2 protein chains.
Amino acid sequence: MPAARDDLKHELVRSAPTSRDVARIAGVSHSAVSRAFTEGASISPRMRAKVIEAANALGYRPNLLARSLTTGRSKLIGVAAANLENNFVSHALELLCARLTDAGYQLLVHTAYRDSDVKESQLEELLRYKLHGMVLLTMRLPDKLAECCTREGVPIVYFNRPVSPTGLGFSVQAPNEEGGRQIARFLVEGGFRRLAFMAGHPDAYSSRQREAGFTDELARLGASPPIREIGDFVVATAMTAARRLLARPDRCDAIFCANDQMALASIAVAQSEFGLKVGKDLAVVGFGDVPMASWPNYALTTYAMPLAAMADEAVAFLLNERSPVSERRQVILPGKLIVRESAPARRDVR
Amino acid sequence: MPAARDDLKHELVRSAPTSRDVARIAGVSHSAVSRAFTEGASISPRMRAKVIEAANALGYRPNLLARSLTTGRSKLIGVAAANLENNFVSHALELLCARLTDAGYQLLVHTAYRDSDVKESQLEELLRYKLHGMVLLTMRLPDKLAECCTREGVPIVYFNRPVSPTGLGFSVQAPNEEGGRQIARFLVEGGFRRLAFMAGHPDAYSSRQREAGFTDELARLGASPPIREIGDFVVATAMTAARRLLARPDRCDAIFCANDQMALASIAVAQSEFGLKVGKDLAVVGFGDVPMASWPNYALTTYAMPLAAMADEAVAFLLNERSPVSERRQVILPGKLIVRESAPARRDVR
DNA sequence: AAATCTGTTGCACCCGGTTGCAAACCGAGG
DNA sequence: CCTCGGTTTGCAACCGGGTGCAACAGATTT
C-alpha cells in the first residue's frame, strides 16, 4: 500500500506550524500572531494571551530565517577561530557562547584548522547569513572583508587583537605589553640573569607587544637582552625552539614564552628531554593562564588574561543596540601575574 | 552639513545588492538571476554569462536567509558540543568544520560549558533556523528534542554516542568495547597485575563500553578485576580520583583511564604528588590519542580513536541527499592501540 | 448625542530569493 | 512559408514573518 506509506512519510516530516496556522486556530489575523511574539508591539493583553495559547497548543515558534529576512539582520554572530587546540581559544569560545545564547543569539563558527588567515571565500560565505556581528578570535581578517563588514553594517570584535590600522571595529585585549613588563621585573627581581624569550607567530600583535614590554623593561632595569627563539604559538614548533634554547652551552635560567601553550611545551621538553627541574634549574613563565597551567606537573607561573571580562566586554559591544559600526575603539582589561612553582619569586641559588 | 553626513552614513551601511539589482543591470528578469546561480537550472549559457558578469560587477551573492526560507531548509548544521576543554571534542569540531565548510555548509555551534545535557530551550532555539542536520558531540539529547528533529526531517548524527534506544539517527563510534579489550590484553601480557580503571561520567555510554570490554577481557584471561574510581571525564575530578587510587596501601601498577584527558591528569598527579616514575612504577593507559598524548612528558599509551574517519562518515551522512531521517544506523570504525612509554609492552620487574 | 482621542486590529505589501506555468523563441522538417 | 518540438524566458505566486496605514472600537470629552 504505497499510498499509506506516503501518508506516513508525509506525517513524519510535516514541517513546523506557521504563524498562519496559529492565526487560524486563534481566529485572528496572522499579523496579530506576529505582534504577539514581538516585544512592545501594539497588541492588547487579551489578544496576546489568546495567540500564545493557540501557539502553545501547536508548538509554534517563529521561523528565525523568515524573521531575519524581513528585519534584514539575523541573530547570528560569526566567530572565526584558529587553532582550537589552544585552550585559550576554546575557552573564549565557550564563554562567548554561554553569554550570547543567553541573549538569544547563536554562534556561526568557522575554525580554520591551524591557519590564522581566514580564507576569504569561506568567510565571505558567513556574511551571506546577514550576521548581527562578527568576532575574530586569534584570526586575521583580510582588509577587503573587514571593509565589506563595515559597509554592510556588521560590527567586528577583535578578540585579543588590535583593529587593523585602516579599519574600524572594537578591540578587546589583555594588557600584553604591561604583562611583559611585569614578567621582566619579576624575573630580574627574582635573580634570574640569563633570560630567553620565545615568540609566537612572528606577525602576531599580541606576541610582539608582550615581547616589547618584556625587552623594554629589561633594558630599563639594565638587564641584558634576552635570547630569542620563535615558537609560532604552535606546540610542535615550540618544542623544537625549546630544544634549541636548552641545548646552548650558555643555557638560559629563565624562559618567557609568549603564550601558555608554548610554555607547557617547553616544560615538557625541559623535564623529559633535558632532565631539568623546572622551577629550580630553569624558570618558565607563560602568558594566559589556561586551565592546564595550574596542573601540578606544570604549576606554571603566568600572566592571567582576564578572559571572562574580555568576553563580557565583547558581548556587551555586540548586543549594544545601534552598535556603532563606524567606530574604532580599543579596550584593554587588567590581568595579573600568577606565581606558581615553574618560576619562583626567588631564584634558588646553588 | 547634516545632509552630507547622512548621505555618508547611508553610503556606509548600504545593504548588499539583491537579485533585482543584478537583473536591472543585466537587463533581465530577476528569476533569470536566480537560475544563473542554481546548479542545473534551465538557462542558456549566454544568459548565465551575462548575469554572472553583472553580479560580479556589483559584488552580488545570493542572500542565504532568503534562499533557505523558500527551500524550507538552511545549509546550517547544528553542533552541540560539551566541554571544549577536552581536546577530543575541539579536534572533532575542527575536522567537521573543515569538511562541511568545503561543502558549503556552516556550523551553528552550541557549547554547553561543562554540562553534557543540552538545555532544552537553548537547543530548541537552534531548530528555529531550519537546520540541515544536527551533530551531537559528547552530548545527550532529550528524547523530546530528538523526536522534534525527526518530525521536522532534521537528521541527527550521534558522534561517539549511541542512538537513544527509542529514537532514530545515525551513530558513528570508535570501537569502545574492543579498545577496552585490547588494553586489557596488553596490560596482562605486559605483566601488570594490580589494575585499576578510572571511569568517565557514570552515564556515559562510551565509558561504560570501554569498561565492559576491559573487565570482561580481564575476566576471560583469569586476571583479577580492577579497582574502580570515577573521574567523570573532568580533569579536577580525575585528579582527586587519581590521588585516592595512588594513596591506597596496595597501590595498583596500572591504570586504564576512560579517556586521555583523565590519563594525562593521572600522570600529572602520579609524577608531581607521588613522585612516581610513570612507565616504571606505574603504567597509565588512556583512550583517544589526543595531540597532547604524544608530548614527551606524557608519552601516553592509548587507544587511538579514528577521529578523521569518524568525521568523514558523519559528514557523508549529513551531505547525502535524501539522508534518511527515519533510519536508525550505527557505524563503528576501527582504531588502534598506540604504545608509548607511559605503559610499556613489558613491565619492568624490579 | 456628536466629536475626539487612544489603543487595537486587519489588510496589504514588503523582505530576497525559488519555481510552476505559459508565452516566446529558435531551428528543423514538411 | 508554416508547423512542430524543445529550449529559454518572464510572469506571478509563494516561502513565513514584519509593519505602515487605515479602519475601527471603546472611552472620554463637550
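These numbers come from the heavy atoms of this one structure, side chains and all, not from hydrogens, waters or symmetry mates. Given the structure is predicted, the values throughout are model-derived calculations rather than measurements. In what follows, every chain begins at residue 1, and chains take the letters A, B, ... in the order their sequences are listed.
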Any A:Y129 side-chain N or O less than 4.0 Å from OP1/OP2 of C:dG16: no
Give one of base, sugar-phosphate or nothing for A:S44, where a contact means two heavy atoms less than 4.0 Å apart. sugar-phosphate
Rounding to an integer number of Å, can you tell me how far A:R24 CZ sits from C:dG10 C1'? 17 Å
Rounded to the nearest 0.5 Å, how far does CZ of B:F159 lie from CG of B:L96? 5.5 Å
Tell me what B:S42 touches on the nucleic acid: a base, only sugar-phosphate, or nothing, going by heavy atoms under 4.0 Å. base
Interatomic distance, A:L64 atom CG to B:L69 atom CG [nearest 0.5 angstrom]: 11.5 Å
Does D:dG10 have OP1 or OP2 under 4.0 Å away from a side-chain N or O of B:S29? yes
May I ask you to verify if any side-chain N or O of A:S19 is less than 4.0 angstrom from the OP1 or OP2 atom of D:dG17? yes
What one should report as the nearest heavy-atom pair of A:F170 and A:E313 is CZ-CG, 3.7 Å
Indicate, with a heavy-atom threshold strictly under 4.0 Å, whether A:V33 touches base, sugar-phosphate, or nothing. nothing
What nucleic acid atoms does A:S31 come within less than 4.0 Å of, heavy atoms only: base, sugar-phosphate, or nothing? base
Does B:I43 reach a base, just sugar-phosphate, or nothing at all? Heavy atoms under 4.0 Å. sugar-phosphate
